[in-house]
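Remember, predicted model here, so these are calculated numbers, not experimental data. Position 1 is the first residue of the sequence, and the numbers go up from there. Hydrogens, waters and symmetry mates are skipped; everything else that's a heavy atom, side chains included, is used.
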Amino acid sequence: MRPSPVFFGILAVAVLGGFLAAYGDSASLFGSKDPMFIAGVVLLVAGGWIASLTLHEFGHAIVAYRGGDGGIADKGYLTLDVRRYTDPVLSILLPLIFLLIGGIPLPGGAVWINRGALRTRATSMWVSLAGPLSNLGVGAALCLVIALVPMAQGLFYGLSYLALLQVMTFLINILPIPGLDGWGALEPYLSPQAREFGARVRPWAPLVLFALLFGFQAVSNLLWNVAGAIFRALGGSGIAGAIGQTAFLFWRN
């Protein structure tokens with residue numbers, strides 16, 4: 001279970017971004033837009049988001065492994081190597097592009113679980129919940145760090161937006177829609193007919209959700225409002241999160 005050097009490389013990108021954001025001129029966001037600050041926020045948030053994607057899938061994998069699926073280790077899912085969880089284009093590049101374009105964190109990776117090897121229905125439920133809960137945990141940890149550790153304003157903005165994205169990722173994944181983790185958590189307790197229905201619509205149901213998020217502002221606003229409420233309940237600053245989002249989506253402003 002030794003972590004992959006790839007994971008540490010991703011963290012290094014996020015740390016570099018944090019350094020640039022901290023020493024860039026965040027006040028210029030509403031004026032000349034200092035490139036150092038903007039680049040720092042982009043690297044911090046993008047690197048942090050890919051690292052959290054890795055932790056999300058590792059959460060699924062470690063719970064499945066401890067719950068009876070011994071093949072998880074053979075697939076390399078316990079190495080924190082994002083390449084093991086993903087198709088480089090469909091699972092990293094496209095979600096990252098959508099994140100940069102619309103600020104919506106789409107689910108990216110996937111681990112293949114042998115559900116038949118899991119010991120109980122409750123184990124199967126917790127395998128599905130482990131991923132989203134890891135995002136919520138990362139978001140809560142970031143909020144705690146932001147609240148307790150003095151830091152430069154630029155870093156404060158970047159980490160606040162990264163924490164908000166973690167909450168939004170949790171919220172999207174926990175929706176009870178076939179193909180998302182919320183449905184996976186319910187599925188062991190559903191009737192055979194409901195599971196069959198879920199299997200039929202799983203390939204396209206998330207696409208309908210994402211089309212609604214990108215095509216209808218009211219749907220996107222609803223999810224962002226709920227995510228913002230959870231973020232603030234964890235101690236996050238809504239204003240700082242909004243400023244960080246403005247910097248990350250600099251091309252729209």
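Of all non-hydrogen atoms in L44 and L162, the two that sit nearest each other are O-CD2, 4.2 Å. Closest non-hydrogen pair, A61 versus Y77, comes out as CB-CB, 3.6 Å. Taking every heavy atom of both residues into account, A247 and F37 meet most closely at CB-CE2, 3.7 Å. Considering every non-hydrogen atom in both H60 and V111, the closest pair reads CB-CG2, 3.6 Å. Residues L180 and L175 come closest through the heavy atom pair CB-O, 3.8 Å. The nearest pair of heavy atoms linking A205 to P178 is CB-O, 3.6 Å.
With hydrogens and angles disregarded, a donor-acceptor distance shorter than 3.5 Å links the side chain of S52 to the backbone of W49. At least one donor-acceptor pair closer than 3.5 Å links the side chain of T54 to the backbone N or O of I50. Of the possible polar contacts, one joining the R119 side chain to the R66 backbone as a donor-acceptor pair under 3.5 Å is found. Between the side chain of N173 and the backbone N or O of D181, no donor-acceptor pair lies under 3.5 Å.
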Discussion item. Determine whether I172 and F210 satisfy the following criterion, side-chain contact (heavy atoms from CB on, under 4.5 Å), listing intermediate values before the conclusion.
Written reply: CA-CA 10 Å; I172 290 177; F210 303 147; 4.3 Å; yes
Practice prompt. Decide yes or no on side-chain contact (heavy atoms from CB on, under 4.5 Å) for F7 and D81, but give the supporting numbers first.
Written response: CA-CA 6 Å; F7 181 71; D81 188 340; over 6 Å; no
Item to complete: Could you please spell out the steps behind the side-chain contact (heavy atoms from CB on, under 4.5 Å) verdict for R83 and V6?
Response: CA-CA 8 Å; R83 297 171 300 179; V6 174; 3.4 Å; yes
Item to complete: List the steps, then state whether side-chain contact (heavy atoms from CB on, under 4.5 Å) holds for M168 with L223.
Response: CA-CA 8 Å; M168 185 64 164; L223 279 181; 3.6 Å; yes
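Cluster annotation: L249 is connected to V167 through the hydrophobic network of ILVMFWY side chains, with a link wherever side-chain heavy atoms come within less than 4.5 Å. Residues V13 and I10 are members of separate hydrophobic clusters, defined by side-chain heavy-atom contacts under 4.5 angstrom among Ile, Leu, Val, Met, Phe, Trp and Tyr. Tracing side-chain contacts under 4.5 Å through hydrophobic residues (I, L, V, M, F, W, Y), one reaches L78 starting from L11; they form part of the same cluster. Two different hydrophobic clusters hold V15 and M36 under the rule that ILVMFWY side chains link at heavy-atom gaps under 4.5 Å. Cluster membership for L171 and F216, using ILVMFWY side-chain heavy atoms within less than 4.5 angstrom, is shared.
The number of heavy-atom neighbours closer than 6.0 Å to CD1 of I239, taken from other residues, nucleotides and ligands shown, is 12 or below. For F197, the CZ atom sits in a loose shell: 12 or fewer heavy atoms of surrounding residues, nucleotides or ligands are nearer than 6.0 Å.
Going from atom CD1 of I146 over to atom CG of L159 covers 5.0 Å, rounded to the nearest 0.5 Å. Here CD1 of I177 is found 11.5 Å from CG of L186. Values are rounded to the nearest 0.5 Å. To the nearest 0.5 angstrom, T123 atom OG1 is 11.5 Å from D69 atom CG. Within the model, atoms CZ of R84 and OG of S4 stand 8.5 Å from one another, a figure rounded to the nearest 0.5 Å. The distance from the OH atom of Y65 to the CD1 atom of I113 is 13.0 Å, given to the nearest 0.5 Å. Note that the CG atom of L213 and the CG atom of N221 stand 10.5 Å from one another [nearest 0.5 Å].
Taking the six-membered ring for Trp and the full ring otherwise, Y23 and F19 have centroids separated by under 6.0 Å.
Here the side chains of L55 and L80 are in contact, with some heavy-atom distance below 4.5 Å.
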Under 3.5 Å, sequence neighbours excluded: what are the donor-acceptor pairs made by side chains of residues 130-138?
from	atom 1	to	atom 2	distance (Å)
S134	OG	G131	O	2.5
N135	OD1	H56	ND1	2.6
N135	ND2	Q166	OE1	3.0

For a quick test of your reading: what N or O donor-acceptor pairs under 3.5 Å do the side chains of residues 229-237 make, sequence neighbours left out?
from	atom 1	to	atom 2	distance (Å)
R232	NH1	G228	O	3.4
S237	OG	A240	N	3.1

